[in-house]
Trainee: 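Structure provided below as structure tokens; questions to follow.
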Amino acid sequence: MKEYDHKKIEKKWQTIWQENKVYKTLDNSKKKKFYVLDMFPYVSGEGIHVGHPKGYIATDVVSRMKRMQGFNVLHPMGFDAFGLPAENYAIKTKTNPVISVAKNIARFKKQLAIIGFDYDWEREVNTSDPKFYKWTQWIFLKLLEKGLAYESNEPVNWCPKDRTVLANEDVEDGKCERCGTIVEKKPIRQWVLKITDYADRLLADLDELDWPESIKESQKNWIGRSEGAEINFQIIFKNGGKPGLIPIFTTRPDTIFGATYLVLSPEHPWVTLAIDDNHKGVIDNVLEVGKYVKEVKNKNDIERTSLDKVKTGVELKGVKAINPATREEIPVWIADYVLLNYGTGAVMAVPADDARDREFSEKFKLPIFENYQKAGFEDFGKKVIKFKLRDWVFSRQRYWGEPIPILRVVDPEGIEGMGKVIPVKEKDLPVKLPKVKSYEPTGTAESPLANVSNWINVKKGQKIFKRESNTMPQWAGSSWYYLRYMDPKNNKALVDKKKEKYWNMVDLYVGGAEHATRHLIYARFWHKFLYDIGVVENKEPFKRLQHVGLIIASDGRKMSKRFGNIINPDTVIHTFGADTLRLYEMFMGPFDQAVAWSEEAIIGPRRFLERVWKIGKKVKERETKDFLSLRPRSRKGREPTTLENPLSPFLQKLLHKTIKKVTEDIEAMKFNTAISSLMIFMNEVEKFDSLSSDVYKKFLQILAPFAPHITEELWNMLGEKKSIHLSSWPKYDSEKIKDKEIKIIVQINGKVRAEILVEGDETEENIKQKSLKNEAVSKYTEDKEIKKIIYVKNRLINIVL
RNA sequence: GCCCGAGUGGCGGAAUUGGUAUACGCGCACGACUUAAAAUCGUGUCUCGUAAGGGAUGUGGGUUCGAUUCCCACCUCGGGCACCA
């Protein structure tokens with residue numbers, strides 16, 4: 001037998017696995033199912049680095065163990081392909097996105113293939129495939145039907161560089177999340193999804209999910225629920241206008257006695273009306289107010305909301321409000337620190353209690369009631385709940401996305417119904433994205449599709465329609481793709497009812513934490529909607545979520561082309577092999593934590609595999625003898641301990657302990673300690689001259705999920721005909737794990753002074769006496785009074801003097 | 001500002017219903033093998049001390065027979081939210 005030749009072994013088994021469809025997932029199985037899913041990759045053009053496959057390796061390890069444990073495992077892979085980054089890449093490289101996306105996927109798959117994953121590629125999905133996005137469009141139609149999709153002309157975030165509107169979730173610190181350009185507020189016709197209808201459920205159902213607390217916390221912050229009260233303030237006009245009411249929102253209605261003025265958002269509809277031409281005279285300083293409103297309109301969010309900014313505002317002269325608690329007349333101001341789209345767009349200012357109100361009062365010399373009477377929480381207002389979450393701006397003025405399946409009536413004669421929105425009929429789905437030569441964004445409310453006349457114009461009989469030119473955002477397909485893996489080729493339904501019932505829900509979902517407030521909120525929203533209309537059985541899509549910690553470069557920075565610090569998995573596999581790469585990535589540190597890549601440390605897992613190989617060689621050489629003597633290797637300066645007695649079941653016991661540890665650690669995704677225990681086992685085995693092939697094979701089985709190729713080769717070499725990955729996961733025997741002799745630590749006043757060996761069933765009194773008799777102990781205890789002896793079962797004795 | 005999470009050898013890290021701190025791996029040192037080197041194998045590797053013994057898990061307190069683990073205050077780093085009333 002030869003040296004450990006990873007190249008030969010890995011290629012050989014990858015081919016055999018594929019040819020024999022070892023990892024095919026069955027639909028109708030009597031077995032219990034296990035659905036383990038990776039967040040599918042967005043393939044925008046750059047090749048991958050060693051950080052990308054880390055999560056895939058983890059799910060691969062879990063899925064392999066689950067399969068060996070007898071589960072019917074669904075572990076699929078697919079591609080998120082629509083959206084801005086892919087289109088920008090296409091524009092940059094002057095390649096049609098249809099072609100560039102296909103090319104990038106092919107390259108990505110090639111890079112994945114050599115890592116040895118157990119995907120069932122027959123279930124691959126691609127969000128830009130018409131057979132797939134037919135159902136994305138179908139969901140949109142259902143949302144529309146249920147009143148959860150609507151058109152709006154409200155000012156929205158507009159990225160001038162990408163020339164499209166963005167959802168709230170796509171804006172980070174007032175900048176476009178993709179390109180960093182400062183976003184503008186522009187009123188543009190757009191499609192919006194009413195995610196806010198689900199705000200309370202999205203929040204409440206977090207409690208029942210096995211997700212990292214940090215992600216739940218992010219979602220809670222993002223949804224931003226606050227309980228408060230709406231209180232009406234009466235408005236009166238000095239020049240004799242008819243009084244009106246303005247509702248304000250506050251989380252502190254008890255502070256109402258301290259409210260010394262009212263502040264409205266400059267965009268408040270009441271203000272808009274008051275400075276309207278037809279309503280001149282309602283307020284005295286219309287010109288001043290109008291000027292301020294205009295100034296505010298021209299500011300972007302960064303200018304408006306930066307914290308160090310000095311507060312600005314204008315009083316509405318000739319207008320007063322009545323504080324319903326004190327019955328006093330108080331002034332009314334407008335200021336841009338009050339936002340229109342939160343609460344009611346109006347607040348009562350309590351400068352004594354609120355830092356912002358205080359700052360504003362001090363600047364404009366407004367009264368502050370330092371000591372005022374506190375009111376009961378519900379004395380003045382009706383209780384209301386507000387959310388920070390905004391509706392999801394769902395249309396993009398870009399080419400590369402799912403067309404929104406909408407028609408509008410076009411009628412040159414101006415007959416009734418013109419401009420009316422007509423949903424495309426279900427039977428006419430998918431509305432296919434036409435192939436075009438030019439797909440540069442137009443910079444208007446229309447996408448480039450508006451100029452594709454043979455696509456945008458639809459004639460049906462006498463009637464002429466125009467298609468909706470906007471497309472869906474990148475996040476549409478990923479909001480439901482996990483359902484399609486259950487039934488990827490179904491033409492009749494998004495997913496077959498029976499199959500959905502069998503597979504739902506995703507048992508384990510693994511991906512980056514950066515998706516906390518976008519993909520993971522959108523997907524939960526769509527899933528809940530699909531639940532409401534009876535498409536899915538469960539109200540949540542992902543039972544358990546784990547996030548992958550980044551792999552950063554050894555210089556401590558992110559791996560990036562820019563820094564020239566990218567480690568390519570292909571190179572690592574070439575040098576060390578896929579099994580070593582897999583093992584190292586799982587061993588480097590806790591799975592969910594960011595760890596730096598080390599070109600030095602990867603040698604450790606490689607050395608480990610080489611030792612596994614060497615032992616395998618020995619086991620094979622002696623295979624003729626069924627059971628090999630466990631004679632300790634004679635080594636100078638070291639007498640074999642009793643545990644290494646040839647007849648002792650030491651290795652048996654260690655094996656069972658290792659099986660237990662590895663099984664539990666994989667389940668808990670503590671791969672680093674699972675591997676550590678495998679290494680400990682190998683270290684012990686090496687102290688023996690030889691090893692029974694039975695024990696060794698069990699060891700191979702629990703190593704197999706981490707290092708599928710080398711274990712398959714050794715397994716096969718030892719005469720096994722069936723794939724190791726289809727063998728049964730070893731079970732540990734809890735009787736065999738029990739220690740006959742237990743080491744007890746003897747402490748004196750909390751300091752370790754000795755250790756004694758006791759039988760497993762020895763009485764407490766016996767153990768105490770034994771410890772007191774110990775020489776090292778009696779040295780300390782003589783002439784001293786023993787106050788107390790504490791015994792912790794199977795662990796220690798603490799003698800308190 | 002508010003809300004989460006984390007701080008342990010030269011490095012990645014291990015140890016939780018409070019019970020031997022530093023498992024496993026890397027690195028380093030010494031030794032074996034070699035003409036030599038690499039690879040491999042062996043031994044050692046928190047720190048002060050000749051030793052007995054002492055000290056150390058970001059810092060300072062507390063609870064306890066006993067604290068990396070629990071409590072309080074603070075410092076640093078990472079993440080989320082943020083003129084959200």
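Chain letters run A, B, ... following the sequence lines, proteins first and then strands; every chain starts at 1. Quantities reported herein were computed from a predicted structural model and do not represent experimental measurements.
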Trainee: Determine the Euclidean distance between corresponding C1' atoms of C26(B) and U22(B); express it in Å to zero decimal places.
Mentor: 15 Å

Trainee: Taking the side chain of Glu217(A) as heavy atoms from C-beta outward, which of C65(B), U40(B), C4(B) is closest to it?
Mentor: C4(B)

Trainee: Could you list the protein-to-nucleotides 24-26 of chain B atom pairs, N/O on both sides, closer than 3.5 Å?
Mentor:
from	atom 1	to	atom 2	distance (Å)
C24(B)	O4'	Ser676(A)	OG	3.2
G25(B)	OP1	Asn683(A)	ND2	3.3
C26(B)	OP1	Arg607(A)	NH1	2.5

Trainee: Any strand counts, and the cut-off is 3.5 Å on both contacts for Watson-Crick or G-U wobble. Which nucleotide pairs with G27(B)?
Mentor: U45(B)

Trainee: Using both distances under 3.5 Å as the test, list the Watson-Crick or G-U wobble partner of A21(B), or none.
Mentor: none

Trainee: Using heavy atoms to find the nearest nucleotide of RNA chain B for Gly589(A) and Leu796(A) separately, return the residue whose nucleotide is more 5′.
Mentor: Gly589(A)

Trainee: Figure out the NZ/P separation between Lys618(A) and C41(B), and round it to whole Å.
Mentor: 11 Å

Trainee: Has Asn749(A) got a side-chain N or O lying under 4.0 Å from the OP1 or OP2 atom of G66(B)?
Mentor: no

Trainee: Given atom CD of Glu684(A) and atom P of A23(B), what is their separation to the nearest angstrom?
Mentor: 14 Å

Trainee: Say we look at U20(B) and G12(B): how far apart would their P atoms be, to the nearest angstrom?
Mentor: 24 Å

Trainee: Examine G55(B): is either OP1 or OP2 under 4.0 Å from a nitrogen or oxygen in the side chain of Lys751(A)? Give yes or no.
Mentor: yes

Trainee: Is there a side-chain contact between Ile702(A) and Lys661(A) (heavy atoms, below 4.5 Å)?
Mentor: no

Trainee: Using the C1' atoms only, state how far U8(B) lies from C77(B), rounded to an integer number of Å.
Mentor: 15 Å

Trainee: Above 12 or not: heavy atoms from other molecules or residues under 6.0 Å from NZ of Lys216(A)?
Mentor: yes

Trainee: Under a 3.5 Å cut-off for both contacts, is A82(B) paired Watson-Crick or G-U wobble with anything, and if yes, with which nucleotide?
Mentor: none

Trainee: For A14(B) and A23(B), measure between their P atoms and round to the nearest Å.
Mentor: 13 Å

Trainee: Could you check whether atom NZ of Lys382(A) has more than 12 heavy atoms from other residues, nucleotides or ligands sitting under 6.0 Å from it?
Mentor: no

Trainee: Are Phe360(A) and Tyr337(A) close enough that their ring centres sit under 6.0 Å apart?
Mentor: yes

Trainee: Does any N or O donor sit under 3.5 Å from an N or O acceptor when you compare the side chain of Asn798(A) with the base of C65(B)?
Mentor: yes

Trainee: Expressed as a whole number of angstroms, how long is the span from Lys220(A):NZ to G5(B):C1'?
Mentor: 14 Å

Trainee: How long is the straight-line distance from CD1 of Ile521(A) back to CD of Gln219(A), given to the nearest 0.5 Å?
Mentor: 4.0 Å

Trainee: 5'-most contact on RNA chain B: Gln747(A) or Asp354(A), nearest heavy atom basis?
Mentor: Gln747(A)

Trainee: How would you label the glycosidic angle of G7(B): syn (within 90° of 0) or anti?
Mentor: anti

Trainee: Would you tell me if any nitrogen or oxygen in the side chain of Thr673(A) comes within less than 4.0 Å of OP1 or OP2 on G13(B)?
Mentor: no

Trainee: Are Arg557(A) and Phe563(A) in a cation-pi contact, defined as NZ or CZ under 6.0 Å from the six-membered ring centre and within 45° of the axis?
Mentor: yes

Trainee: Would you indicate what Val347(A) reaches in the nucleic acid, counting non-hydrogen atoms under 4.0 angstrom: base, sugar-phosphate, or nothing?
Mentor: base

Trainee: Between atom CZ in Phe387(A) and atom C1' in A85(B), what is the gap in whole Å?
Mentor: 16 Å

Trainee: When you measure only distances, ignoring hydrogens and angles, does the side chain of Lys216(A) come within 3.5 Å of the base of C4(B) through a donor and an acceptor?
Mentor: no

Trainee: Counting only side-chain nitrogens and oxygens, does Tyr780(A) get under 4.0 Å of the OP1 or OP2 atom of G53(B)?
Mentor: yes

Trainee: Give the rounded distance in Å between these two atoms: CD of Gln219(A) and P of C81(B).
Mentor: 11 Å

Trainee: If I pick the C1' atom on A36(B) and the same atom on A52(B), what distance separates them, to the nearest angstrom?
Mentor: 47 Å

Trainee: Which pair of non-hydrogen atoms, one from Arg524(A) and one from Leu202(A), has the smallest distance, and what is that distance?
Mentor: NH2-O, 2.7 Å

Trainee: Distance check, C1' atoms only: A82(B) and C2(B), in whole angstrom units.
Mentor: 8 Å

Trainee: Rounded to the nearest angstrom, tell me the gap between atom CG in Asp592(A) and atom C1' in G13(B).
Mentor: 13 Å

Trainee: Could you tell me whether Lys687(A) and Glu684(A) have a side-chain N and a carboxylate O separated by less than 4.0 Å?
Mentor: yes

Trainee: Counting side-chain heavy atoms from C-beta on, which of A85(B), A14(B), G80(B) comes nearest to Asn672(A)?
Mentor: A14(B)

Trainee: Tell me: CD of Glu3(A) to P of U40(B), nearest whole Å?
Mentor: 11 Å

Trainee: For the pair Glu621(A) and Lys617(A), find out whether any cationic side-chain nitrogen is under 4.0 Å from an anionic carboxylate oxygen.
Mentor: no

Trainee: Is any side-chain nitrogen or oxygen of Gln593(A) closer than 4.0 Å to OP1 or OP2 of G13(B)?
Mentor: yes

Trainee: When you compare G13(B) with C3(B), how far apart are their C1' atoms, in angstrom units rounded to a whole number?
Mentor: 28 Å

Trainee: Whole angstrom is fine here: how far is it from CZ in Arg795(A) over to P in A21(B)?
Mentor: 12 Å

Trainee: Can you tell me, in whole Å, how much space there is between the P of A67(B) and that of U76(B)?
Mentor: 28 Å

Trainee: Let's test this: given Watson-Crick or G-U wobble pairing with both distances under 3.5 Å, identify the partner of C74(B).
Mentor: G58(B)

Trainee: Quick one: are Thr260(A) and Ile368(A) in side-chain contact, heavy atoms under 4.5 Å?
Mentor: no

Trainee: Looking at A39(B), which nucleotide sits across from it as a Watson-Crick or G-U wobble partner, both distances under 3.5 angstrom, or is there none?
Mentor: none

